[in-house]
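First the structure, in the form of structure tokens, and then the observations on it.
Chain identifiers are assigned alphabetically (A, B, ...) following the order of the sequence lines, protein sequences preceding nucleic acid strands; residue numbering begins at 1 within each chain.
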Amino acid sequence: MSAKSGAEILLKSLLDQGVDTVFGYPGGAVLPIYDALFKHPKIKHILVRHEAGAAHAAEGYARSTGKPGVVLVTSGPGATNAVTGIADAFMDSIPLVVITGQVPSTLIGSDAFQEADTVGITRHCTKHNYLVKDPNELASVMKEAFFIATHGRPGPVVIDIPKDVQVAQPDTDTPQRKAHARCNIPHEADIHDITKAVELLAGANAPILYTGGGIINSGPAASKALIELAELCNAPVTSTLMGLGSLPSDDPKWLGMLGMHGTYEANMAMNQCDVMLCLGARFDDRVTGRLDAFSPNSYKIHVDIDRSSINKTVRVDLPIVADVGKAIEQMVKVWKGRKLKAANLDKWWDSIEGWRDVKCLKYRDNKQEIMPQYAIERLYEATKEYNPIITTEVGQHQMWAAQHFHFHKPNKWLTSGGLGTMGYGLPAAIGAQIGNPDALVIDIAGEASIQMNIQELGTASQYRLPIKIFIINNQWMGMVRQWQELTFKSRFSESYSDSLPDFVRLAEAYGWKGMVIDHPDNLDDGIAEMIAHKGPVIVDCRVTKNANCFPMIPSGAAHTEMLLDSSAVTGEMDDEAKALV
Amino acid sequence: MQIYKEKSERHVLTLTVDNEAGTLARIAGMFTARGYNIDSLTVADVTEDRSTSRITIVTNGPPAMIEQIIAQCERLIPVHKVTDLTEEGPHVERELALVKVTGSGDNRIEAIRLADIYRARVIDATTKSFIFEITGSPEKIDTFLTLMREVGFVEVGRTGVAALMRGSEPT
């Protein structure tokens with residue numbers, strides 16, 4: 001057996017796992033791995049400009065391709081910079097394998113140069129992590145890490161490798177550490193539970209399907225099964241932010257997103273339903289609003305791959321721990337096998353039509369200034385034929401995109417849901433474009449968020465990635481300003497985006513095309529020009545400054561207490577409301 | 001505004017875990033990160049090949065929190081099995097404490113007498129002090145300590161609770 005170094009074993013393991021792309025940044029403690037990567041014939045390394053960008057790019061790659069994203073960073077600051085992306089992937093269940101260099105094992109604990117306790121720091125924002133102190137363990141740890149990251153509820157796994165372990169060869173006399181499957185994979189759902197769920201659904205007068213990111217994670221088959229189930233039971237379908245795209249938005253049963261900035265019809269239907277089938281969502285606080293007023297009269301069925309998601313915030317009546325895609329397929333099979341007919345839901349659909357008539361997403365018409373909602377609507381209309389991949393940053397623009405951009409397929413909508421990480425969109429777009437070279441990839445951004453990982457413009461330039469950044473520029477950290485307006489009597493503490501760069505010149509400095517769109521009449525032409533340009537483009541879309549994102553369930557309010565427009569806003573909220581996130 | 005607290009229940013959990021670096025930190029840290037309580041925690045490897053450890057955690061919280069604690073423990077990769085002994089049925093709990101007591105005259109005699117009643121053994125003695133070893137339920141040890149505080153208590157080291165299900169079946 002030829003003696004391979006730890007670094008060579010690592011690359012071999014990556015190849016064994018089918019990895020062809022790694023997002024990373026070199027540094028002292030990973031030099032042996034970078035040396036092994038030098039002119040590597042099969043593994044493409046994408047050099048980011050900041051390690052946070054590497055982690056988010058890997059997330060974008062993973063979310064848009066369904067494959068795990070791989071990150072390679074150095075010790076100390078390399079690892080700590082990647083932590084935000086790791087935590088983001090943990091919250092949104094994105095499969096990542098993050099390889100971090102570490103100081104030589106002999107120096108661990110000595111406060112060595114660029115030493116940080118990476119395993120300690122990432123312990124609670126990873127699904128699992130490893131410190132590999134022996135090259136004998138490396139191959140099996142890599143195998144386990146990929147298994148853990150991609151099986152069950154996906155998530156990030158960190159492998160911390162001291163520099164000496166990267167250089168050393170395994171001792172061939174000692175037996176290799178055996179890899180074992182160490183991750184709870186739920187069994188197929190109990191058929192009795194599935195049958196019961198189907199019976200309840202068939203007998204319901206006001207059913208609703210509440211879907212989430214689990215359906216996307218389960219794979220495209222899960223989305224197909226969902227469409228079929230919705231068709232069979234004729235129930236309305238709503239989704240969390242993370243689940244957008246699992247049901248095509250032109251399906252008549254689609255209610256739009258639910259929750260804090262969800263549609264009136266989705267939230268009212270959640271409140272009034274009698275049977276709720278939750279599929280791969282986790283009753284997040286952004287979805288439920290005030291818990292004691294959440295869907296008070298419904299029988300709740302919850303399908304989730306992670307048992308800890310069940311009864312975490314909302315007590316459910318029928319928990320089913322299973323892969324959501326498989327569970328939906330089982331339900332479809334049972335429904336068809338028993339030749340069930342959907343109940344007459346005319347009354348239910350009448351109520352829903354009534355809520356739809358509220359037209360909760362309407363906004364003030366403006367001939368002089370661009371309304372942000374209008375900008376996104378036009379962007380959608382101009383790009384829908386390309387079936388684009390949309391990433392976002394975090395804030396008002398993200399919610400407007402979720403409301404006014406519409407998705408027809410899974411894996412096309414990449415956004416930071418759980419952690420709410422500003423600066424996610426640009427690197428995620430880079431990862432998505434790497435994974436989908438022919439796709440139209442657009443980062444719908446805010447002028448504040450985009451600056452959080454603006455350095456990644458250089459990465460896109462280097463790899464000739466034709467990403468489009470569409471900045472909804474209202475010169476405010478809009479969501480912060482909106483909350484200050486609603487909760488703190490318009491005391492706009494530090495939420496103004498002062499000293500903004502000239503985005504056009506910034507784009508040009510990086511070899512991108514830069515454009516300004518500042519009038520509604522120029523919007524369509526501007527967007528067309530953006531799409532027509534073969535390379536990367538920044539569009540600085542100057543929108544009206546003080547638009548707020550509605551509808552909105554304010555902090556601590558129930559689904560039925562939605563604010564539909566700013567006229568409902570009252571100056572200052574009480575302490576209970578102020579204390580809520 | 002006031003922060004509202006729910007009523008707590010005491011539960012004894014046992015966890016079968018991989019005996020490897022970081023497992024304890026992972027579990028203890030998860031408790032802290034999610035705001036759960038640890039009243040006591042004991043851990044030692046329990047298999048011949050030293051590959052598996054058994055952890056006994058005494059925790060308290062409202063029932064929904066206990067359910068979440070168990071689910072969150074099970075979610076950790078090195079945790080193989082979690083058993084809630086309090087829910088499972090009859091079980092035995094034991095704790096060991098070493099108690100240092102000083103004194104002379106009547107106090108010293110009283111300390112020995114109480115120790116005898118509580119079946120505590122003397123494992124160290126000087127002319128001015130004793131160290132008692134006592135085993136029993138946490139309540140028994142609490143009571144013993146309350147009595148010792150009246151007769152010259154100095155300090156105590158407690159192991160925390162180890163527990164097993166009653167009967168012939170493994171947990």
Side-chain angles (χ1 to χ4, degrees), chain A residues 87 90 93 108 117-134 137 141 144-145 147-149 151-153 155 157-158 160 177-178 180-184 186 291-292 304-316 319 321 556 573-580, chain B residues 1-7 9 11 13 15-38 41 43 47 49-53 55 57 59 61-84 87:
Chain A
F90 189 52
S93 309
I108 289 179
D117 175 12
T118 303
V119 166
I121 290 167
T122 60
R123 192 169 280 135
H124 302 296
C125 58
T126 51
K127 195 169 165 191
H128 196 53
N129 62 14
Y130 295 89
L131 170 63
V132 183
K133 284 181 162 172
D134 179 348
E137 298 178 354
V141 164
E144 279 181 19
F147 187 88
I148 292 168
H151 286 72
R153 180 176 178 177
V157 178
V158 165
D160 199 26
R177 173 183 178 278
K178 281 211 182 82
H180 41 296
R182 309 182 54 182
C183 168
N184 285 329
L291 272 175
D292 58 12
D304 202 292
I305 200 163
D306 180 359
R307 185 171 96 97
S308 74
S309 287
I310 288 174
N311 290 337
K312 185 162 66 178
T313 55
V314 170
R315 301 296 296 181
V316 296
V321 179
M573 292 198 180
D574 60 18
D575 286 356
E576 262 81 10
K578 277 183 189 170
L580 288 163
Chain B
M1 72 177 255
Q2 299 286 309
I3 293 172
Y4 169 76
K5 283 205 174 82
E6 280 180 274
K7 253 197 165 159
E9 287 176 3
H11 281 244
L13 312 178
L15 285 70
T16 313
V17 303
D18 286 327
N19 178 21
E20 61 186 19
T23 300
L24 188 58
R26 212 175 288 282
I27 293 164
M30 187 277 289
F31 271 75
T32 335
R34 293 188 182 266
Y36 306 147
N37 307 302
I38 298 179
L41 186 152
V43 54
T47 49
D49 62 359
R50 298 185 165 260
S51 66
T52 307
S53 293
I55 297 179
I57 299 177
T59 182
M65 185 190 276
I66 301 291
E67 188 185 332
Q68 257 304 296
I69 289 173
I70 294 167
Q72 291 294 346
C73 285
E74 283 177 346
R75 201 176 163 205
L76 302 172
I77 301 293
V79 176
H80 297 291
K81 192 179 174 197
V82 183
T83 311
D84 182 351
E87 283 293 309

If you look at every heavy atom in A/S308 and B/A71, which pair is closest and at what distance?
CA-CB, 3.5 Å

Do A/N129 and B/R26 come close enough that some side-chain heavy atom pair is under 4.5 Å?
yes

Do A/D306 and B/R75 have side chains that approach each other closer than 4.5 Å (heavy atoms only, starting at C-beta)?
yes

Contact origin within B/E74 toward chain A - heavy atom pairs under 4.5 Å:
both

Start with the C-alpha gap between A/R307 and B/I70, add the side-chain angles, then the distance that decides, and say whether side-chain contact (heavy atoms from CB on, under 4.5 Å) holds.
CA-CA 10 Å; A/R307 185 171 96 97; B/I70 294 167; 3.3 Å; yes

Heavy atoms of A/I310 and B/Q68 approach each other most closely as O-NE2, 3.8 Å

Looking only at heavy atoms, what is the nearest atom pair of B/A25 and A/R123, with distance?
CB-NH1, 3.2 Å

Going by heavy atoms in the side chains, are B/T32 and A/H124 under 4.5 Å from each other?
no

Taken to the nearest 0.5 Å, the spacing of A/F147 CZ from B/I77 CD1 works out to 9.5 Å

Output yes when A/R315 and B/E67 qualify as a salt bridge under the 4.0 Å nitrogen-oxygen rule, no when they do not.
yes

Heavy-atom proximity to chain A below 4.5 Å, by part of B/Q72:
both

